[in-house]
Protein chains: 2
Amino acid sequence: MAREGRNPTISDVAELAGVSVPTVSRVLTGAARVSPAKRELVEAAIAELNFRPSAAARVLVSRKSRTIAVIAGNTSRYGYAETIRGIEIAARAEGYTVMITVVESADEEEVDRAVSATRMQTLAGVVVLKFDPPGVAALHKLGTDLPVVALSGTRESGVPQAVLDEAAAAEELTEYLLGLGHRTVHHVRVPPSRRVDGRTSGWKRALTKAGAPVPAVRDATWEPKSGIAVGGELAADPEVTAVFCGNDEIAMGVMRGITEAGRRVPEDISVAGFDDHPLAELWSPPLTTVRQDFASLGVRGFQLLKQAIDDAVVRRYSSERPTLVLRESTAAPRAR
Amino acid sequence: MAREGRNPTISDVAELAGVSVPTVSRVLTGAARVSPAKRELVEAAIAELNFRPSAAARVLVSRKSRTIAVIAGNTSRYGYAETIRGIEIAARAEGYTVMITVVESADEEEVDRAVSATRMQTLAGVVVLKFDPPGVAALHKLGTDLPVVALSGTRESGVPQAVLDEAAAAEELTEYLLGLGHRTVHHVRVPPSRRVDGRTSGWKRALTKAGAPVPAVRDATWEPKSGIAVGGELAADPEVTAVFCGNDEIAMGVMRGITEAGRRVPEDISVAGFDDHPLAELWSPPLTTVRQDFASLGVRGFQLLKQAIDDAVVRRYSSERPTLVLRESTAAPRAR
DNA sequence: ATGAAAGCGCTAACAA
DNA sequence: TTGTTAGCGCTTTCAT
């Protein structure tokens, strides 16, 4: 009999409906046919008791889970947050639950901790945000006994992955800047995920193709403010007429540094960003950038994972080309 | 014997270590003393097999879970994302896993869906982001048989909650603006969680106290762009000399609208925001605002939840007063 | 189509 | 301190 003070179980439902426990299970899972009469009884009992099956018991016996994990180096920065949002939307649509694991650093100990914490759960699969070194490290530690999909800006061998082709977009943006008449384009990099970074390599490729000089790369952190100092240095160099920044937030910092140094954007120096942050078009001047659809990256990532979970014919890649967004922070250089 | 192709279980460990299954369990949970000799054997076996206990089995038998759920109307907007980050950090430090449930709307059907999905898992507790109507609705549907903590900007009766005292901060900001010499302060509101909203009520209180006229509230959406049109309207009214916006992103939109209308900030119109978004200080002019520590709100929320989970003496409230940040988007009105 | 029986991997209660 | 026994709430055989 259903006791008070605890959640109803499947046997409470079975008893109330006057059927066996497996029959209730059949109604729940839809795995086998149940006569309409019994099904109705069972459904009434479920509703009356407000019964919800225990996910833990289901997982234990069926060895199948409706939970996926997302491993990420960060959850709140724009690209990360939007990507996770996309994953969650796609997962929810398919009835999957999402749990989050944050990997703070690429230290072996921290990566082990994160992977262990993740793998304690019985999971249907894992999506790894391979945007940074912690993500890359976690991906490698994860093992192959579980469906895994990586999300990133550069296609790489190994697990299936959904990609935003950053290199192609960065190349296009750099070519646009050169086409405006700039002799070359300087580059401020955000912390790269590996030695090579799609945005940086696309930039370099465009310069090389055009026979333009390749200036030394300048590094910024993820903090928008770190762009201010870099902007100041850039403003001090009269050779600099165009700057391509690794993301919009850094670009905003760089623009402030340039402005504080008394030079104007885009009249003296053109500045372009990357991502199309929601505030990029509100900035003064509105930012020329590359639109990255992170939410769609997350959706595509989950879809790839779903295929792997279902043992479907697994497409290993899903690539999308971010698009150039021309606004007012870039212009032709002034005549010298 | 440990078979290939499946995860090792506690009995594999027991067998390899030459002890009983419960002894392994004791080592795992630390619940009872085990002789150093056996403990070492067990630990060696665990390491050799790379054994990880099944969370599902543990939950099933112990009825205790190390997973908490976060229910939120949104995951990627600044305040939400930072709050979730804080919850995750605090949870991780205590060995808890975080799952996310998004409630898209306050529709009964959607709220039921979200709550059901959440409650399928055996949870230690739930943190609800009560920043918007979906969050409020989910909180009410959640039931009382589970530790629940709400996070919001306004203290309210009911479940324990961690709060950022928005009303007090909004009042302080409005007083500051009035103190600058503005006859009154106009207000642009972001979508409120209920009829009353802390930011709006603090603003109104300050005006009333000062005997200043209370202008009609203008509404914006969460989209920063929605501020542009509002800014244009405000700029067209010569009576408007100071505007308090519900968040920084809207303030940025409003400032753009004002600028596009040919008026200047702060010379013609002062504009203040709320939140201290990371880009607020980089904006031109840098934004006067109220710093809200969302990450700390999340941490405090988890701590409250942890106390409830542990049946400790439960503090029901944790309140923090956001602080005024004075920058350059506000100034005294020009002499008329 | 339905039920009886078994058992997923662990912890709790008890005995030794 | 340690082992034996029982059983958490389900799904999965296997009969019927």
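Every chain is numbered from 1 and lettered A, B, ... according to where its sequence line falls, protein lines coming before strand lines.
- Every pair passing ring-ring contact (aromatic ring centres under 6.0 Å, His included) that includes a residue from residues 113-161 of chain A is listed here, sequence neighbours excluded: A:Tyr80-A:Phe131.
- Counting only residues at least two apart or on different chains, the ring-ring contact (aromatic ring centres under 6.0 Å, His included) pairs with a member in residues 83-105 of chain B are B:Tyr96-B:Phe302.
- Comparing the helix axis at one end of the helix from C:dA1-D:dT16 to C:dA16-D:dT1 with that at the other, each defined from 5 consecutive pairs, gives an inter-axis angle of 30° (nearest 10°).
- With sequence neighbours left out, the side chain to side chain donor-acceptor pair (under 3.5 Å) criterion links B:Ser11 to B:Thr9.
- At the phosphate of D:dT1, OP1 or OP2 sits under 4.0 Å from a side-chain N or O atom of B:Arg33.
- Under the rule for a ring pair (Phe, Tyr, Trp, His ring centres under 6.0 Å), A:Phe51 has no partner lying at least two apart in sequence or in another chain.
- Applying the side-chain hydrogen bond (donor to acceptor under 3.5 Å, both in side chains) test to pairs two or more places apart or on separate chains, those with a residue in residues 21-33 of chain B are B:Ser20-B:Thr23.
- Partner B:Val128 forms a side-chain contact (heavy atoms from CB on, under 4.5 Å) with one of B:Val103, B:Thr118, B:Leu142, B:Leu151 and no other, that one being B:Leu142.
- Taking atom CD1 of residue B:Ile10 and atom P of nucleotide D:dG7, one finds them 19 Å apart after rounding to whole Å.
- The side chain to side chain donor-acceptor pair (under 3.5 Å) check on B:Lys306 picks up B:Asp310, with sequence neighbours excluded.
- The interatomic distance linking B:Leu60 (CG) with C:dA12 (C1') rounds to 13 Å, in whole Å.
- Applying a 4.0 Å cut-off to non-hydrogen atoms, the residues of residues 22-29 of chain A that approach DNA chain C are A:Pro22, A:Thr23, A:Arg26, listed by residue number.
- Taking atom NZ on B:Lys64 and atom P on C:dC10, their separation rounds to 18 Å, with Å as the unit.
- Computed from coordinates, the B:Leu41 CG to D:dT2 P distance equals 10 Å when rounded to whole Å.
- Spacing between atom CZ of A:Arg63 and atom C1' of D:dT13 amounts to 14 Å, rounded to whole angstrom units.
- Within the structure, no pair that satisfies the side-chain hydrogen bond (donor to acceptor under 3.5 Å, both in side chains) test touches residues 46-60 of chain A, not counting sequence neighbours.
- Out of C:dT2, C:dC10, C:dG3, the shortest distance to the side chain of A:Ser20 is found at C:dG3.
- For B:Arg92, the side chain to side chain donor-acceptor pair (under 3.5 Å) criterion is met by A:Glu104, B:Glu88, not counting sequence neighbours.
- Comparing A:Arg52 and B:Val34 along DNA chain D, the residue whose closest nucleotide (by nearest heavy atom) sits nearer the 5' end is B:Val34.
- Of the two residues near DNA chain D, A:Val61 and B:Arg39, the one whose nearest nucleotide lies more 5' is B:Arg39.
- Distances shown here put a side-chain N or O of A:Lys38 below 4.0 Å from the OP1 or OP2 atom of C:dG3.
- A residue-by-residue look at A:Pro36 and B:Val21 shows that A:Pro36 has its nearest nucleotide of DNA chain C further toward the 5' end.
- Not counting sequence neighbours, B:Glu109 has no partner by the side chain to side chain donor-acceptor pair (under 3.5 Å) test.
- With B:Tyr317 as the aromatic partner, B:Arg155 meets the cation-pi criteria of under 6.0 angstrom to the ring centre and within 45 degrees of the ring axis.
- Only at 4.0 angstrom or more do the heavy atoms of residues 112-122 of chain B sit from any atom of DNA chain C, so none qualifies.
- Here the nucleotide nearest the side chain of B:Ser62, chosen from D:dT1, C:dG9, C:dA12, is C:dA12.
- When rounded to the nearest whole Å, the span between CG of B:Asn7 and P of C:dC8 equals 14 Å.
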